[in-house]
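Okay, structure first, notes after.
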Amino acid sequence: MPELPEVEVVRRGLEAHVLDRRITAVEVLHPRPVRRHLAGPSDFAATLTGRTFTAARRRGKYLWLPLDNGDALLGHLGMSGQMLVQEPGAADEKHLRVRFSFAGSGPAGEAPGERSDRLELRFVDQRMFGGLSLAPGGAELPAELTHIARDPLDPAFDDAAFPRRVRRSESGIKRILLNQSMISGVGNIYADEALWLAELHGDRPGRMLRPADVERVLTGVRAVMTAALAQGGTSFDALYVNVNGESGYFDRSLEVYGQEGQPCSRCGTPIRRVAFMNRSSYFCPTCQKAPRARRN
DNA sequence: AGGCTGTCCTGCTAGC
DNA sequence: TGCTAGCAGGACAGCC
């Protein structure tokens, strides 16, 4: 389940492999991942063919690849999306959705069959919550992302404004962390991990938190993200694979997420799981006291 | 306007 | 064995 660190790993991989190569073909094998391109899959393919990616950028969990004409390819991995750089002959993945073929980077006169460095970029996505679309004029920042807040690893993230905004909200701090217009890049896993580090229950309303509480949350978010990034991202199964098909292994470091019944490493209390927004929240009931007016 | 819920997807697992 | 229900969850439309 890619969150910011995993997406950043993918961004780095794209930056290393697919820039400055002419796109020779685009094949859309399933229409759903390009559903946001209203002109349809064939137009999507035709528009990108012949273009070149010039950079690989990210905000929160969104990726975009500026093109040599000022537009950009915008992408989101959703829950199960992968970007795989493959040799052209490699067998198709079961959930291959979009294939970009690139020319080799060798001399133009070289016979195509002799180029050893042609490659493909493959968008593979089992559950298809993710997608790709074209962002006209979106090289700097696609219009679709203007409502997405800066992420906590962005040097321009406003550390002073964040606690002020949190303390103006009636929502629980976990809901706030998952709100991409407040802070981007945080998903269910790292929200739970950061709240455990900050020793705060996710149902505590923003307006009831002290500035120091919010600062601890932000510090916790950055700590788990930085640790995950250092290890190449989180992986729970084969769903998340980085740009070269290599799984992460940060899951072994998780303190609460998926750890129901396991002892809290700080106090030994069994970790609890509760339903939250059609998914789950994991927390230590001793270290993370629920607010008095409990809502569950 | 801010807050919140339902919905989209597939595949794996638990339970009968 | 084979079926179904439950679960995983990011983002957005749409409701209050």
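Chain letters run A, B, ... following the sequence lines, proteins first and then strands; every chain starts at 1. Here the structure is a predicted model, which is why all the values come from computation and not from measurement.
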Close N/O contacts between protein and nucleotides 13-16 of chain C (under 3.5 Å):
none

A/M208 atom CE, over 12 foreign heavy atoms within 6.0 Å: no
A/L4 CG - C/dA11 P separation (whole Å): 11 Å
Residues which pass side-chain hydrogen bond (donor to acceptor under 3.5 Å, both in side chains) with A/R168, listed by chain and number, not counting sequence neighbours: none
A/R11 to A/W64, cation-pi by 6.0 Å centre distance and 45° axis angle: no
Inter-axis angle, terminal five-pair segments of the helix from B/dG2-C/dC16 to B/dC16-C/dG2 [nearest 10°]: 50°
Nearest-nucleotide 5' precedence on DNA chain B, A/N278 against A/S169: A/S169
Could you go through nucleotides 8-10 of chain B and list every protein N or O atom that sits under 3.5 Å from one of its N or O atoms, giving the distance for each pair?
unit_1, atom_1, unit_2, atom_2, d
B/dC8, O3', A/R32, NH1, 3.3
B/dC8, O3', A/R32, NH2, 3.3
B/dC9, OP1, A/R32, NE, 3.2
B/dC9, OP1, A/R32, NH1, 2.1
B/dC9, O5', A/R32, NE, 3.0

Inter- and intrachain pairs under ring pair (Phe, Tyr, Trp, His ring centres under 6.0 Å), touching residues 121-158 of chain A, at least two apart: A/F157-A/F162
Would you tabulate the side-chain donor-acceptor contacts of residues 134-146 of chain A under 3.5 Å, counting partners in other chains and residues two or more places apart, or write 'none'?
unit_1, atom_1, unit_2, atom_2, d
A/T146, OG1, A/A143, O, 3.0

Chi angles and distances behind the side chain to side chain contact (heavy atoms under 4.5 Å, CB included) call for A/L74, A/L132: CA-CA 6 Å; A/L74 177 62; A/L132 303 173; over 6 Å; no
B/dG2 base / A/R168 side chain donor-acceptor hit below 3.5 Å: no
Side chains of A/S281 and A/K174, donor plus acceptor under 3.5 Å: yes
